[in-house]
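Structure first, then comments.
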Number of protein chains: 2
Amino acid sequence: MAGLHEVAKLSGVSKSTVSRVINNEYGVKASTKEKVQKAIDECGYVANQVARDLKLQKTNLIGVIVPRMSSNATAKGLDGLSSVIELAGKHVLLANSQQDNEKEIEYIKRFNQKRVEGILLYATHLDEALVKAIKQSAVPVVLIGQDGSLFNIPSIIHDDVGVGFNAGLRLLEAGASNIGFIGVNSQDIAVDQCRFQGLTQSLQHSRQISALFHSRGEFTIESGYQQTKQLLLDWPQLDGLFCATDRIAIGAMKAISEANKIPGKDIKVLGVGNDELGLVCTPSLSTFNYAFDLSGKKSAQVLLDLIENKQADVSKLVMSFENIFRQSC
Amino acid sequence: MAGLHEVAKLSGVSKSTVSRVINNEYGVKASTKEKVQKAIDECGYVANQVARDLKLQKTNLIGVIVPRMSSNATAKGLDGLSSVIELAGKHVLLANSQQDNEKEIEYIKRFNQKRVEGILLYATHLDEALVKAIKQSAVPVVLIGQDGSLFNIPSIIHDDVGVGFNAGLRLLEAGASNIGFIGVNSQDIAVDQCRFQGLTQSLQHSRQISALFHSRGEFTIESGYQQTKQLLLDWPQLDGLFCATDRIAIGAMKAISEANKIPGKDIKVLGVGNDELGLVCTPSLSTFNYAFDLSGKKSAQVLLDLIENKQADVSKLVMSFENIFRQSC
DNA sequence: TTGAAAGCGCTACCAA
DNA sequence: TTGGTAGCGCTTTCAA
């Protein structure tokens with residue numbers, strides 16, 4: 001591929017002048033500019049950004065690590081953050097950790113080698129190894145979805161405890177009093193622990209009761225279905241069910257219907273996330289809306305700020321939520 | 001940030017030797033290796049991939065351009081292709097064109113500057129400007145979702161005509177004979193044109209009839225709903241409806257229900273894409289499954305092959321589909 | 001087994 | 001308004 005050198009030779013000027021033309025700098029005679037431009041077109045010159053990046057010590061690259069692409073949260077989040085990053089004239093280097101904790105760490109290292117300017121990490125957990133890897137990163141890391149502020153890692157999180165608390169309130173208000181919770185795995189502080197904790201608090205606070213159970217499974221409709229089938233047998237008195245995600249809730253409603261109970265009547269059901277799935281299913285799912293695209297944008301802004309100013313204005317940003325009232329509760 | 005030079009000074013050897021240690025090359029005395037390793041740990045050296053890339057003239061970067069992230073097709077596709085690219089030891093540079101035709105072209109250029117090794121382009125259209133931009137790309141471009149093989153652009157497409165044809169057959173077989181089509185915009189050859197063309201062919205072939213109408217709108221549930229509300233008024237005899245996407249079909253079913261007709265009984269409805277939404281809605285949506293993750297993988301494989309061998313083994317790859325039978329038809 | 005030096009393609013400083 | 005030159009951080013050849 002043609003380089004500056006060739007263009008210079010072809011147009012009979014020096015590399016410096018060609019460089020000036022390419023970068024639209026002042027102080028180049030119009031006629032030379034033209035001459036150079038012609039040579040550029042002629043040999044199809046394309047500036048080599050790698051060489052530039054090395055020289056300028058700046059890559060305009062933002063690393064983004066996600067656990068998987070096909071989830072409401074990450075897809076919407078990516079849409080949000082990519083628009084902010086693009087507006088800042090930077091690019092997204094994307095890595096899919098496929099829920100593998102070791103890969104997450106591996107990517108943080110690889111991104112540092114690539115000299116990204118910062119890293120956005122969609123986290124589903126936060127263990128010692130991950131914290132250490134983040135600490136060792138030479139470039140700033142912003143966490144999305146889990147709270148790392150205790151370790152001094154800037155984090156954008158959703159108000160999971162608040163959602164849990166409100167879930168309890170809504171379920172009680174709808175007349176339920178035997179309330180269970182289906183979460184995910186206990187490593188996921190935000191989704192499993194915080195949401196359950198909020199539920200427990202509101203149940204205690206309002207009625208001095210506890211949750212019937214805290215079941216755990218995957219993030220899928222199928223998992224919600226299977227768990228609920230069993231739970232219905234174990235807890236016949238169940239009349240309120242809070243599910244950590246909408247998909248789980250939809251699976252749960254299916255199991256409830258199959259057991260000849262009516263979701264939203266015999267058993268109130270609540271999900272989290274405002275997945276479009278909840279809008280089209282029957283009965284439609286009452287849930288909580290998290291503005292995933294907005295949290296994507298915010299996290300990008302926080303990171304860009306961190307890159308710019310070398311220090312954090314915010315250490316934790318808790319996104320609010322919205323109650324979505326539909327048929328299931 | 002510490003460089004090779006510092007490590008060399010710190011360990012009292014030359015840069016060459018440090019480089020050898022870093023790259024695990026043979027012919028370094030164990031004791032020197034150790035010495036160097038200690039120095040590396042000491043000053044927290046992280047190899048600069050930008051400099052390497054420049055020297056080696058190789059970036060291991062694959063550019064991926066998508067119209068938007070939060071769509072079933074792209075999210076699943078990204079999951080598929082990223083796993084293949086990762087396995088090949090390469091990285092994904094992601095760009096979100098936000099359905100903007102000019103941005104697509106802009107990104108192709110920017111990716112060339114970044115010296116990506118190849119580009120994967122999720123296309124929703126294919127006009128002259130885009131073809132020209134692809135032709136001008138110094139690195140191979142693989143098209144996903146639209147057929148560019150006429151312009152000699154390697155393409156991974158879904159069998160849209162085949163789906164349309166089968167849709168006609170299924171609708172007729174279910175007893176419908178007044179059949180309409182809701183597409184998107186006419187620029188989208190694959191989704192709008194081909195699917196309609198297939199439908200037309202099967203209707204002609206089986207019964208020598210034509211489609212009642214070819215309506216057009218957006219890719220959304222709402223758009224399907226609004227269009228169908230009007231179409232029901234215009235075509236009271238309608239008893240079969242083929243929708244270019246599942247979302248449109250779901251909106252259509254809502255409008256049908258509201259008009260006191262039963263989707264799947266009074267009016268048979270068929271979508272395309274096997275979106276999970278179709279599984280949870282009532283009545284559940286009969287549709288066609290496209291293996292989006294697989295087409296993502298395939299396209300990555302084709303591109304890697306193209307990069308490796310500098311020439312295309314396949315110029316067009318048509319992915320098959322699967323009939324999904326549910327309640328709506 | 002190690003080191004010196006050239007050079008990847010560019011920018012930017014200084015001199016002309 | 002232009003050109004020469006140094007150097008970004010690395011790999012690799014050649015010589016020692």
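Residue numbering restarts at 1 for every chain, and letters A, B, ... go by the order of the sequence lines. Just so it is clear, the structure is predicted and the values come from calculations on it, not from any experiment. What's counted below: heavy atoms across the whole structure, side chains too, no hydrogens, waters or symmetry copies.
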Separation of atom CG in B:Asn24 from atom P in D:dC10, rounded to whole Å: 16 Å
Nearest-angstrom distance from the residue atom NZ of A:Lys9 to P of D:dT2: 21 Å
Separation of C:dT11 C1' from A:Ile22 CD1 (nearest whole Å): 11 Å
Side-chain H-bond candidate by donor/acceptor type, A:Tyr107 with A:Asp100, under 3.5 Å: no
Among D:dC10, C:dT2, D:dT1, the one nearest A:Lys29 by side-chain distance: D:dT1
B:Leu4 side chain, from C-beta outward: closest of D:dG3, C:dG9, D:dT11: D:dT11
Under 4.0 angstrom between A:Gln57 side-chain N/O and D:dG9 OP1 or OP2: yes
Residue-phosphate contact under 4.0 Å: A:Tyr26 side-chain N/O, D:dT2 OP1/OP2: no
Heavy-atom closest contact (A:Ala51 atom, B:Leu54 atom, distance): CB-CD1, 3.8 Å
Separation of atom CZ in B:Arg52 from atom C1' in D:dT12, rounded to whole Å: 14 Å
A:Leu56 CG - D:dA6 P separation (whole Å): 20 Å
Non-hydrogen atoms of A:Asp53 and A:Lys58 that approach each other most closely: OD1-O, 3.0 Å
Per B:Ala51 side chain, nearest of listed nucleotides D:dG7, D:dG9, D:dT2: D:dG9
Of B:Lys55 and B:Arg115, the one whose closest DNA chain C nucleotide lies more 5': B:Lys55
Value in whole Å for how far the C1' atom of D:dG9 lies from CG of B:Asp53: 12 Å
Value in whole Å for how far the P atom of C:dG9 lies from NZ of B:Lys58: 16 Å
A:His5 NE2 to D:dG4 P, straight-line distance once rounded to whole Å: 11 Å
Minimum-distance nucleotide to A:Ser19 side chain [options: C:dG3, D:dC10, C:dT11]: C:dT11
Ring geometry between A:Phe111 and B:His91 (parallel below 30°, tilted from 30 to 60°, perpendicular above 60°): tilted
Cation-aromatic face contact B:Arg68/B:Phe219, 6.0 Å, 45 degrees: yes
Under 3.5 Å, which protein N or O atoms sit close to an N or O of nucleotides 13-15 of chain D? Give each pair with its distance.
from, atom 1, to, atom 2, distance (Å)
D:dT13, O4, B:Arg20, NH2, 3.4

Side-chain donor or acceptor of B:Asn112 paired with backbone N/O of B:Ile108 under 3.5 Å: yes
Sugar-phosphate only, base, or nothing, as touched by B:Val50 at under 4.0 Å among non-hydrogen atoms: nothing
Nearest-neighbour nucleotide for the B:Thr17 side chain, D:dC10, C:dT2, C:dT11 considered: C:dT2
Nearest-nucleotide pick for A:Asn23, side chain only, options being C:dC8, C:dT11, D:dC10: C:dT11
Distance-only side-chain donor-acceptor flag, A:Gln49 / A:Arg52, under 3.5 Å: yes
Check: A:Ser19 main-chain N/O paired with A:Asn23 side-chain donor or acceptor under 3.5 Å: yes
